[in-house]
There are 2 protein chains.
Amino acid sequence: MRHLLIYDMIEAVHRSGSIRKAAEDTNITASALNRRIQAFEEEFGSEIFERLPRGMRLNPAGELLLHHIRLQRQDLLRVHSQVADLSGVRRGHVKIACSQALLPYFLPREISKYRAEFPDVTFSVNVRDRIQAEQDLVTFESDLALVFEPAHMVNFEVLHAVHQPVMAVMSAAHLLADRKSLRLRECLEYDLVLPARQFGVRVLLDQAAARFGRKLEPALETDSFDMVRHFAAYGHGIGFQIPVGLNDLARPDMSFIPIAARDIAGGELYLGHLKGRTLPVAALKFANQVMTALSYA
Amino acid sequence: MRHLLIYDMIEAVHRSGSIRKAAEDTNITASALNRRIQAFEEEFGSEIFERLPRGMRLNPAGELLLHHIRLQRQDLLRVHSQVADLSGVRRGHVKIACSQALLPYFLPREISKYRAEFPDVTFSVNVRDRIQAEQDLVTFESDLALVFEPAHMVNFEVLHAVHQPVMAVMSAAHLLADRKSLRLRECLEYDLVLPARQFGVRVLLDQAAARFGRKLEPALETDSFDMVRHFAAYGHGIGFQIPVGLNDLARPDMSFIPIAARDIAGGELYLGHLKGRTLPVAALKFANQVMTALSYA
DNA sequence: GCATAGTGATGCAAAAAATGCAGCGCTTTG
DNA sequence: CAAAGCGCTGCATTTTTTGCATCACTATGC
């Protein structure tokens with residue numbers, strides 16, 4: 001959109017931190033770019049950049065404007081997608097920020113299912129912890145977030161929530177593998193493989209352990225849920241995961257056993273978007289599909 | 001904002017229904033305007049106007065775009081007002097759609113109070129019935145709506161609600177003027193002056209009368225709440241109003257008596273804005289003031 | 001302590017885009 | 001069937017934007 005080029009330029013300057021660098025990205029001369037920024041500030045009624053000896057930085061007014069620009073752009077995208085929808089074409093792009101737990105089974109399955117019906121809809125999936133996910137929504141980096149026990153929820157509008165107990169994950173050959181339920185205390189007798197502290201499951205585990213005066217000392221601490229599963233599968237250790245990230249059928253060599261609710265109540269997996277946003281058609285339809293999938297999981 | 005001129009042009013064409021008429025409003029030639037519209041449609045990827053023999057009309061895609069344009073413009077206004085706020089200047093403009101009942105005392109008082117603190121904030125007040133008010137929010141004609149018993153509430157995000165019993169309004173010399181409470185049945189013995197059918201108070205009255213098999217036959221039916229008060233004050237009739245529109249001190253010649261709750265439960269006066277909107281600073285601050293005023297009314 | 005490389009700003013001429021004018025083809029209206 | 005109103009378009013003109021060269025300034029490195 002030619003008339004919104006100035007917004008691209010502002011963002012380019014913001015990203016690169018200097019007019020000259022931004023000029024290259026924008027395929028324009030530094031002088032032209034400089035004058036457009038100046039003209040814009042003149043019209044806007046206030047400066048939006050601080051002029052530092054090393055370049056340009058957004059001032060508070062610029063930060064506010066930047067958010068408007070992003071909102072504006074995303075809303076225009078939504079209009080485009082709705083217009084495409086009018087003419088019967090189902091196009092669009094859905095951007096998802098999600099917890100690692102959704103990657104192995106849940107999201108691939110849901111995305112395939114959706115694209116089977118609407119092959120012209122494309123997806124981006126960004127792995128984010130529960131703090132980053134909300135930030136992603138604020139910057140319009142993602143349309144939807146699917147996270148376990150999100151941290152703030154200030155800008156988060158919940159579309160759906162589903163309860164997830166904490167599951168112990170171990171080799172099918174493990175001594176405890178045939179149990180229907182496990183007490184947390186029993187697990188502590190074995191090597192533990194735990195997700196890093198920024199993850200929701202870990203927080204729940206730490207809290208539970210603290211309640212009976214223990215501190216968890218994992219044999220392996222990792223930020224990869226894949227690693228948790230693999231280490232548990234091939235060693236004698238015990239890992240922890242939430243059900244949505246597990247699949248009995250795919251792993252007959254492993255055993256997944258819920259931790260007794262009196263030890264760890266579990267947490268909520270939330271699907272949501274930025275408060276007050278109107279989602280593009282494609283994102284909204286996909287969100288609806290995910291909601292039913294979560295309900296019958 | 002020069003780069004958003006095309007939006008003004010689109011709106012001008014939409015308003016006037018033809019390029020040639022819109023060209024005059026825009027201070028531009030019809031040919032130039034025509035080509036800008038065409039260029040925009042080209043870029044946008046689809047036509048936004050239907051070409052009729054008598055002029056131009058927005059097609060569905062155009063309607064969607066128009067809403068985006070309005071949202072975009074209002075959000076930019078909000079940014080401006082927040083930027084002004086940054087530099088310590090409290091500027092802005094607050095647009096209110098409200099019921100007639102708020103006009104005589106409530107809004108003048110609140111607006112004065114607000115402007116005493118921030119004299120550079122200006123206001124527009126549009127009198128709207130409960131159906132129009134919501135429409136006003138959707139078209140961004142107003143930032144805030146303050147209405148009694150709104151009709152749909154689909155696009156309405158409630159900030160505050162306060163209960164309002166229905167009050168009988170009469171001359172201080174009226175036979176019933178000294179009562180502490182009135183049954184609806186008693187009022188029906190006298191000449192009635194009622195607001196027209198689109199108003200919330202009237203709806204409540206009609207419903208209540210219907211419950212004991214009566215149909216209200218007003219001596220005077222009017223769409224002016226002022227008229228209701230004046231007729232009641234100078235005749236022997238009885239009018240009806242909600243408390244927020246009345247002021248004992250200002251009218252010692254009149255008497256305001258609540259109708260028994262078992263006859264008419266009353267209704268809610270709502271303060272709200274368009275669902276999902278971020279209000280400009282000034283509108284938000286004023287809304288907060290109104291909320292406290294309503295709470296202690 | 002001074003050269004260097006980086007920054008944003010600006011005057012001026014060239015290039016590009018937008019505009020105004022006049023006129024075409026069309027449809028409805030009286 | 002003429003008149004009036006509509007959107008559209010070719011062409012000359014005006015306005016705006018751009019690129020180049022250069023200035024003034026400030027950290028950084030030797």
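Only this structure's heavy atoms are used, side chains among them; waters, hydrogens and symmetry mates stay out. In what follows, every chain begins at residue 1, and chains take the letters A, B, ... in the order their sequences are listed.
Among the heavy atoms of the strands lying under 4.0 Å from A:R35 is at least one base atom, whether or not backbone atoms are also near. When heavy atoms are screened at a 4.0 angstrom cut-off, A:I28 is found touching the sugar-phosphate backbone but no base atom.
Listed nucleotides: C:dT7, C:dG8, D:dC20. Nearest to the side chain of A:K21: C:dT7. Checking C:dG20, C:dT10, D:dG7 against the side-chain heavy atoms of B:S18 singles out D:dG7 as nearest. Closest to the side chain of B:N34, from the set D:dT9, C:dG8, D:dA21, is D:dT9. Distance from the side chain of A:R36 is smallest to D:dT18 among D:dT18, C:dG8, D:dC8.
Of the possible donor and acceptor atoms, one in the side chain of A:E41 sits under 3.5 Å from a partner among the backbone N and O of A:I48.
OP1 or OP2 of C:dA18 has at least one side-chain nitrogen or oxygen of A:R2 nearer than 4.0 Å. Phosphate contact (OP1/OP2 of C:dT10, side-chain N/O of A:Q38, threshold under 4.0 Å): present.
To the nearest 0.5 Å, the span separating CG on A:L274 from CG on A:L144 amounts to 11.0 Å.
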- Sugar-phosphate means primed atoms, P, OP1 and OP2; the rest is base. With that split, encode nucleotides 24-30 of chain C 5' to 3' as B, S or - using protein heavy atoms under 4.0 Å. ---SSS-
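Under the 30°/60° scheme for interplanar angles, the aromatic rings of A:F123 and A:Y114 are found to stand perpendicular.
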